[in-house]
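So the structure is just underneath, and the comments pick up after that.
Because the structure is a prediction, the values reported are computed rather than measured.
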Amino acid sequence: MSDKPSVLFVCVHNAGRSQMAAGWLRHLAGDSVEVRSAGSAPAETINPAAVEAMSEVGIDITDQTPKLLAYETAQDSDVIITMGCGDACPVFPGKRYEDWELADPAGKGVDAVRPIRDEIKTRIEALLADLIPAGKP
């Protein structure tokens, strides 16, 4: 990993889980981590319930758009976190992979998305503590 690790979040639609995870990591890590997200079959827009749930905790993800997972994006990332994209996610030797089993917020209201948002935050905090040990900028 370089001085500034890069993390790629991948889910199918890149509209809910991966966007919330990217939003949390940007919010909690600031400029210390390069954050990317993509999907194997991206939706046209971000899930409105995910946008609302993140807004409730002061994180604005309205400027993000679902993106198609590119081979180069995965190849250039240090850590790849998948969230239900299955075999569509490329595997590169020497990369750190984590598969986060999280409920899919697609089609759910904000009440159902809040627990997913909160679980993602907990996982992001653990990831960040591992990537940027205490005392490092």
Side-chain angles (χ1 to χ4, degrees):
M1 258 187 280
S2 65
D3 289 343
K4 183 175 181 175
S6 58
V7 178
L8 170 63
F9 297 101
V10 184
C11 67
V12 176
H13 299 297
N14 189 222
R17 294 168 289 188
S18 57
Q19 293 289 355
M20 288 191 289
W24 273 121
L25 188 55
R26 279 188 205 95
H27 179 75
L28 296 171
D31 291 335
S32 62
V33 176
E34 185 176 340
V35 181
R36 305 166 175 168
S37 70
S40 53
E44 289 189 25
T45 60
I46 294 184
N47 179 332
V51 170
E52 184 178 345
M54 293 302 284
S55 177
E56 290 176 353
V57 294
I59 300 172
D60 182 3
I61 59 171
T62 58
D63 63 339
Q64 301 299 309
T65 55
K67 295 172 229 31
L68 180 63
L69 175 62
Y71 181 90
E72 296 78 20
T73 304
Q75 185 178 25
D76 294 342
S77 297
D78 297 311
V79 179
I80 299 173
I81 297 177
T82 58
M83 304 171 182
C85 68
D87 294 337
C89 296
V91 175
F92 296 95
K95 303 288 179 191
R96 174 178 169 181
Y97 286 89
E98 292 185 20
D99 184 41
W100 292 359
E101 289 191 29
L102 298 161
D104 187 350
K108 295 185 168 93
V110 72
D111 288 341
V113 174
R114 283 183 193 113
I116 301 167
R117 173 202 66 201
D118 296 343
E119 183 176 347
I120 290 171
K121 179 185 182 194
T122 299
R123 291 174 185 239
I124 292 295
E125 288 170 336
L127 174 69
L128 192 53
D130 190 42
L131 289 177
I132 313 289
K136 285 190 134 185

Is any side-chain heavy atom of [X] closer than 4.5 Å to a side-chain heavy atom of [Y]?
X: L8; Y: L69; answer: yes
X: V10; Y: S18; answer: no
X: T73; Y: K67; answer: no
X: T62; Y: I46; answer: no
X: Q64; Y: M54; answer: no

Donor-acceptor under 3.5 Å (R17 side chain, L102 main chain) | yes
Which value, rounded to the nearest 0.5 Å, describes the distance between [X] atom [atom1] and [Y] atom [atom2]?
X: R36; Y: I81; atom1: CZ; atom2: CD1; value: 13.0 Å
X: H13; Y: T45; atom1: NE2; atom2: OG1; value: 11.5 Å
X: K121; Y: I59; atom1: NZ; atom2: CD1; value: 8.0 Å
X: I124; Y: I120; atom1: CD1; atom2: CD1; value: 7.5 Å
X: L127; Y: I132; atom1: CG; atom2: CD1; value: 9.0 Å
X: N47; Y: I61; atom1: CG; atom2: CD1; value: 8.5 Å

Closest approach of [X] to [Y] (non-hydrogen atoms, all atoms of both residues):
X: D76; Y: S6; value: O-OG, 3.4 Å
X: M83; Y: C11; value: O-CB, 3.4 Å
X: D104; Y: I116; value: C-CD1, 4.4 Å
X: A22; Y: S37; value: CB-CB, 4.2 Å
X: P5; Y: S32; value: CD-O, 3.6 Å
X: A15; Y: A50; value: O-CB, 4.2 Å

Verify same cluster id: V110, W24 (apolar side-chain graph, 4.5 Å) =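 Hydrophobic grouping puts V110 apart from W24.
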Same cluster (ILVMFWY, side-chain, under 4.5 Å), V57 and V35 |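 In one cluster with V57: V35, yes.
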Could you tell me whether E56 and R117 make a salt bridge, using a distance below 4.0 angstrom between a side-chain N and a carboxylate O?
-> yes
